[in-house]
Number of protein chains: 2
Amino acid sequence: MKKVTTEPTQSTEERIMAAGREVFTKKGFAATRTRDIAEAAGINLALLNYYFRSKKKLFDLVMIGKLQSFFGFIGPIIYNDKTSLETKIEMIVSSYTSLLMENPDLPYFILGEARNNPELMLNAMPKKDFLKKSAFIRQLANKKTGQDPYQFLLSILGMIIFPFLMKPIFKTLTNTNDAKFKQMMIQRVKLIPNWCKAMLRAS
Amino acid sequence: MKKVTTEPTQSTEERIMAAGREVFTKKGFAATRTRDIAEAAGINLALLNYYFRSKKKLFDLVMIGKLQSFFGFIGPIIYNDKTSLETKIEMIVSSYTSLLMENPDLPYFILGEARNNPELMLNAMPKKDFLKKSAFIRQLANKKTGQDPYQFLLSILGMIIFPFLMKPIFKTLTNTNDAKFKQMMIQRVKLIPNWCKAMLRAS
DNA sequence: GTCTATAGAGGGATAGAC
DNA sequence: GTCTATCCCTCTATAGAC
C-alpha cells in the first residue's frame, strides 16, 4: 500500500480522510483494513480512531462525499429549463466522462455500497422525485415517442458509465492499454450524443 | 442468512457449492464468512473445509462457474458466420437479459472480482483474441462507418447490463418495484436492438 | 497529537469424537 | 461423513506513555 500523494500542508485529519477515500474506493468496505488506510496516510493506526472514532464512521464520511460527487453536478444540468434536450445530453455525457476519467473506481464503489444500503441514496438526493420532476425527464417525455423516458435514461447512463466498470475486463480481452482506453472514452463524448439523437429519432 | 432452497437429493457437497454460489455472488469474497455459507447450506462449518479445503478454493470454483455462465453462451452467437449482424444483436440482447433476470447479482460479482484478478478473465476465455476474431466484430467493422467496433460493443453491453447493476439505485430513485423493473427489462429486449439499428445507421 | 502495546472480537481452519 | 470444541491468526479499537 503506497503512501497517498498529499499536499505537505494537509492536516493529519485531511491526510487520513484522503487515504480513506483512496483505499475504500478501491477495495470496498469489507476488504479494506484500517491498517491499509493508516499506512497510506503515513500515520499510526491509533490516529485513525483518534480522529474518526471507527472504521465505519470514516467510511460513512467518505461515502457522503462520493455520493455528492456522483450525483451533485447532475442536478443543475437536468433542472435547467433553458437548455435543449440535446444540449443536456451532451452536458451529461461530457461531465460524467470527465468525472469518471478522474475517478475510475467511483461507479463500482457507488453501485456496490448502494446494494448494501439502498436508503442511503435517498438521503443523498436533494429532494424526493429528484429525477421525475426534472426538465430532462419532462423533455424526454415530450418527445411523444410513446416510450418510457427512464428506458432512455438507463441506456445513456449505461453507455457512459459501463465502460468504466468493464475497464479491467475490456483491457484484458482486447489488449487495450490505459492510453488507448482513455482515448476511447474521449471519443465517446462525441459518439454517445450522436447515438442518442439517432435513438430518439428511431423510437 | 436463510437456508438455500435445494433439491433434497443434492449431495452435501452440492449443497455447500450452491450455498457458496449464493453467498459469494451476493456479498463478494471479502464480505462473505464461511459461517454464512455453512448456515445457508444447512451444514456444519467443518464440512466446508472437509469438502473444499478452504474458503478461497471454494470461491475459485464458484468463480469459474460464474465466468462460464457469463461468457459461455456468447461464443456460439458471435462466431456464427450464418447469422446477420442484426440477428446477432437480437440474440445477444435476449440471451443476456434472460441470464441476468435469473442472476441479477452476476454482473456486479464478475466485474468486481475481475478488478482483483484481471488475468482470471483470460483463463476463462476459450482462446486468445476471442472477441477480435469473431464474426460479430468483423461484421461490425464491415459496416465501414469508420468507427471502432469496440465502441459499439461497449454501448450494447452497457445498455443490456448496466440497468441490472443500477437496479438498487434505480428502484430507490424512481419508486420502481420488482415487477415493474422486470417488465422494463423485458421491454428492453425489443428496444435495444431497434436503438442499435438506429445507431448503426447514424454513424 | 502522536506513538507503542495490547485488549478483545471475529473468523478461517483443524483435531478428534462419533 | 458429520459433528463439537477449539486453536490461532488477523483486525478493530483502546489504554496509557510521551
Side-chain angles (χ1 to χ4, degrees), chain A residues 1-64 109 112-113 116-117, chain B residues 1-64 66 109 112-113 116-117 120:
Chain A
M1 193 58 52
K2 283 189 304 259
K3 198 171 166 181
V4 174
T5 52
T6 51
E7 298 294 324
T9 54
Q10 266 185 323
S11 70
T12 301
E13 184 170 355
E14 284 165 340
R15 280 166 52 215
I16 298 171
M17 188 71 191
R21 263 193 286 273
E22 170 169 306
V23 183
F24 276 135
T25 311
K26 195 169 291 171
K27 315 215 294 183
F29 181 79
T32 293
R33 298 174 312 145
T34 51
R35 282 169 168 79
D36 293 336
I37 297 174
E39 196 181 345
I43 53 103
N44 187 275
L45 170 58
L47 282 181
L48 189 152
N49 292 90
Y50 174 77
Y51 282 105
F52 297 97
R53 292 293 297 167
S54 76
K55 176 185 179 183
K56 183 63 167 54
K57 285 200 168 54
L58 174 57
F59 178 82
D60 286 344
L61 290 177
V62 169
M63 191 66 194
I64 289 170
F109 179 72
E113 305 300 340
N116 312 330
N117 213 343
Chain B
M1 195 59 49
K2 283 189 305 260
K3 197 171 165 179
V4 173
T5 51
T6 51
E7 297 294 324
T9 52
Q10 266 184 322
S11 70
T12 301
E13 184 170 356
E14 284 164 341
R15 280 167 51 217
I16 298 172
M17 188 71 192
R21 262 193 288 272
E22 171 168 305
V23 182
F24 276 134
T25 310
K26 194 168 291 170
K27 315 215 294 182
F29 180 78
T32 294
R33 298 176 312 147
T34 50
R35 283 167 169 79
D36 292 337
I37 297 174
E39 195 181 346
I43 53 103
N44 187 276
L45 170 58
L47 281 181
L48 188 152
N49 291 304
Y50 174 77
Y51 282 105
F52 297 97
R53 291 294 296 168
S54 76
K55 177 186 179 184
K56 184 62 167 56
K57 285 201 168 54
L58 173 57
F59 178 80
D60 287 343
L61 289 177
V62 169
M63 191 66 193
I64 289 170
K66 293 291 176 181
F109 178 72
E113 305 300 339
N116 312 330
N117 213 342
L120 205 71

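Chain letters run A, B, ... following the sequence lines, proteins first, then strands; residues in each count from 1.
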D:dT2 phosphate, OP1 or OP2, under 4.0 Å from B:Thr12 side-chain N/O: yes
Interatomic distance where CZ belongs to A:Arg33 and P belongs to C:dG11 [whole Å]: 16 Å
Value rounded to 0.5 Å, distance of CG in A:Leu61 from CD1 in A:Ile16: 12.0 Å
Gap separating the CD atom of B:Glu22 from the OG1 atom of B:Thr32, nearest 0.5 angstrom: 10.5 Å
Non-hydrogen side-chain atoms of B:Phe52 and B:Glu13 separated by less than 4.5 Å: yes
Phosphate OP1/OP2 of C:dG12: any B:Thr34 side-chain N/O under 4.0 Å: yes
Ring geometry between B:Phe24 and B:Phe59 (parallel below 30°, tilted from 30 to 60°, perpendicular above 60°): perpendicular
Atom-pair distance (CG on B:Asn44; P on C:dA17), nearest Å: 17 Å
Partner set under salt bridge (charged side-chain N to carboxylate O under 4.0 Å, His left out) for A:Arg33, not counting sequence neighbours: A:Asp36
Check: B:Arg35 side chain, C:dG12 base, donor-acceptor under 3.5 Å: yes
For DNA chain C, the residues among residues 45-57 of chain A that have a non-hydrogen atom under 4.0 Å from it: A:Ala46, A:Leu47, A:Tyr50, A:Tyr51
Backbone N/O of A:Phe29 and side chain of A:Lys55: donor-acceptor pair under 3.5 Å: yes
